[in-house]
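In what follows, a structure is listed as C-alpha cells, so that the remarks can point back to it.
Throughout, numbering of the chain's residues begins at 1 and tracks the sequence.
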Amino acid sequence: MTNHTGWIIYNGHLMTTKFTDYVQWFREVAEQHGIAMEVKTNDQLIVTNDPTTPIFDVVEKGPAQLPDFIHFADKDLHLARQLNRRGVPIFNAPDAIAICDNKSLMHEHLFDHNIPTPKTMLAPMIYSGMPLKNEQYINAIISELGLPLIIKEAYGSFGQQVYWVNTKEELLDTAKKLVGVDHLYQRPVMTSIGVDLRLNVIGGEVVAAMKRTSATDFRANVTAGGTTEIYHPSAEEKRIAMMATKAVGADFAGVDLLVGKEGPIVCEVNSNPHIRSIYECTGIDVAVPMIDFIIKKVSHIPDRRGV
C-alpha cells in the first residue's frame with residue numbers, strides 16, 4: 001500500500017461517458033491501492049511559463065497543492081509540460097503524448113527505430129485558406145503507393161479523420177479538403193483490412209491483447225463498430241509492440257498492429273488508450289498494472305503531504 005497522492009487530468013470540454021468512465025475507473029483502482037486520487041480538468045488549472053509561480057486552481061480558488069504524480073489523460077501539452085517543469089512526474093510524459101498525438105510525427109519516430117509500418121508519405125504543408133495550386137505531388141503519391149490508399153489526418157482518435165480513396169479524383173478531392181491540415185498517405189495492408197490487434201503495453205511488457213474485427217469497415221476500431229475477441233499474441237507481435245512503445249517514449253500504450261504477409265506492422269501507438277473495451281473482452285483490468293507501474297516509479301518520492 002502507499003500514502004502517495006495523485007491527480008488524473010482530463011479535458012474539461014470532453015465530458016462524455018467514454019471519458020468520465022475512464023477517469024472514475026482509474027481513480028477507483030488508484031484508491032484501492034491506497035492513493036489519494038483527485039480528478040482535475042485541464043481548464044481548472046491555470047499556469048504561467050514561470051515555474052516559480054504557483055499553479056492556480058480555479059475550482060479551489062487558490063494555489064494548487066501539487067500531487068506526487070499525475071496521470072495525464074489529456075493532450076493539453078502546454079499544461080502537461082508546465083506541471084512537469086514543477087517537478088511532478090507525468091504519466092505518460094508530455095513528449096510521448098505529443099509524439100503519439102501527431103501521426104506524422106509518430107511515424108517518423110517509428111521509422112527512425114526501424115519498426116515496420118505501412119508505407120507512408122507525408123503531405124506537403126499548405127497554409128490554411130490557400131488553394132491547392134500544385135497538384136503534381138498527387139501523381140507522385142499514386143506512383144509510389146498505388147490505389148486504393150488511405151489518408152489520415154495527423155490529429156484524430158477512435159478511427160475518425162481517416163479516409164479510404166479508390167481513385168485519383170477521390171484522392172485529389174480529399175487533398176483539397178485537407179488543405180491546411182497536417183495529414184499523410186498510406187498504402188493499405190490488404191491482408192489486414194477490417195482487422196487489427198490491440199496490445200496494451202505497460203512498463204515494457206504486454207499485459208493484455210485483443211483482436212478487433214469489422215465486417216463493414218476497413219477500420220477495426222470498437223468505436224467504429226468493430227467486434228473484439230481475446231487474442232494471444234506471438235513473441236514477435238509482443239516484441240514489435242514493446243519496441244514501438246519504447247520508440248515513442250511511452251510508459252504505457254495501446255499499440256495497434258496490422259497483420260502483414262511477412263509479420264506484424266504497426267498501425268499506430270496510442271498514449272491514452274481507453275481500458276473498458278479491453279477489460280470487457282479479456283477480463284484484464286489494465287488500470288491495475290498501470291497503477292502498479294506508477295507506484296514503483298514514485299515510491300522513492302516523499303509524500304508531498306508530509307512536506
Could you measure the distance from the [atom1] atom of [X] to the [atom2] atom of [Y]? Nearest 0.5 Å is fine.
X    : Y    : atom1 : atom2 : answer
E268 : L258 : CD    : CG    : 9.5 Å
I142 : T167 : CD1   : OG1   : 8.0 Å
R239 : I115 : CZ    : CD1   : 9.0 Å
L171 : I151 : CG    : CD1   : 5.0 Å
H107 : K103 : NE2   : NZ    : 8.0 Å
K18  : R276 : NZ    : CZ    : 9.5 Å

Under 3.5 Å side-chain donor-acceptor pair for S214 and D217: no
Side-chain donor-acceptor contact under 3.5 Å, Q82 with N49: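 Short answer, no.
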Charged N-O contact under 4.0 Å between K296 and D292: no
I want to check something: taking the side chain as every heavy atom from C-beta on, are [X] and [Y] in contact at a cut-off of under 4.5 Å?
X    : Y    : result
V195 : K211 : yes
V162 : I150 : yes
D95  : R81  : yes
S271 : N92  : yes
H274 : W25  : no
F252 : V207 : no
P89  : K297 : no
I291 : F26  : yes

Using modelled atom types only, decide if a donor and an acceptor are shared between the side chain of [X] and the backbone of [Y] within a distance under 3.5 Å.
X    : Y    : value
T213 : T227 : no
R86  : T53  : yes
N270 : C100 : no
K40  : D57  : no
S104 : N102 : no
N84  : V88  : yes
T191 : V259 : yes

Give the minimum heavy-atom separation between [X] and [Y], together with the two atoms involved.
X    : Y    : result
A208 : V286 : CB-CG2, 4.2 Å
F56  : P63  : CD1-N, 4.3 Å
Y155 : D101 : CD2-O, 3.2 Å
P118 : V266 : CD-O, 3.2 Å
L145 : M121 : CG-SD, 3.8 Å
A98  : L77  : CB-CD1, 3.5 Å

Please tell me whether [X] and [Y] are part of a single hydrophobic cluster in this structure, the criterion being side-chain heavy atoms less than 4.5 Å apart.
X    : Y    : result
I8   : I294 : yes
M210 : V206 : no
F72  : I55  : yes
L122 : L172 : no
V201 : M290 : no

Worked verdict on D50 versus T48 for side-chain hydrogen bond (donor to acceptor under 3.5 Å, both in side chains): CA-CA 5 Å; D50 177 4; T48 73; 5.3 Å; no
Residue Q24 excluded, over 12 heavy atoms near CD under 6.0 Å: yes
Exceeds 12 heavy-atom contacts within 6.0 angstrom, atom CZ of F218: yes
Aromatic plane relationship, H183 with Y185 - under 30° parallel, 30 to 60° tilted, over 60° perpendicular: perpendicular
Verdict with supporting geometry, L257 and Y231, side chain to side chain contact (heavy atoms under 4.5 Å, CB included): CA-CA 12 Å; L257 300 179; Y231 186 75; over 6 Å; no
Counterpart residues, side chain to side chain contact (heavy atoms under 4.5 Å, CB included), relative to P116 (two or more places apart):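 Result, side chain to side chain contact (heavy atoms under 4.5 Å, CB included) vs P116: I240.
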Side chain to side chain contact (heavy atoms under 4.5 Å, CB included) assessment of H78 paired with V47: CA-CA 9 Å; H78 299 300; V47 299; over 6 Å; no
I35 vs T5, side chain to side chain contact (heavy atoms under 4.5 Å, CB included): CA-CA, chis, key distance, verdict: CA-CA 5 Å; I35 296 172; T5 60; 5.8 Å; no
Test log, rule side chain to side chain contact (heavy atoms under 4.5 Å, CB included), inputs E108 and L105: CA-CA 5 Å; E108 289 179 15; L105 187 59; 3.9 Å; yes
All pairs passing side chain to side chain donor-acceptor pair (under 3.5 Å) where residues 135-152 contributes a residue, at least two apart: K119-E144, N139-K168, K152-Q186
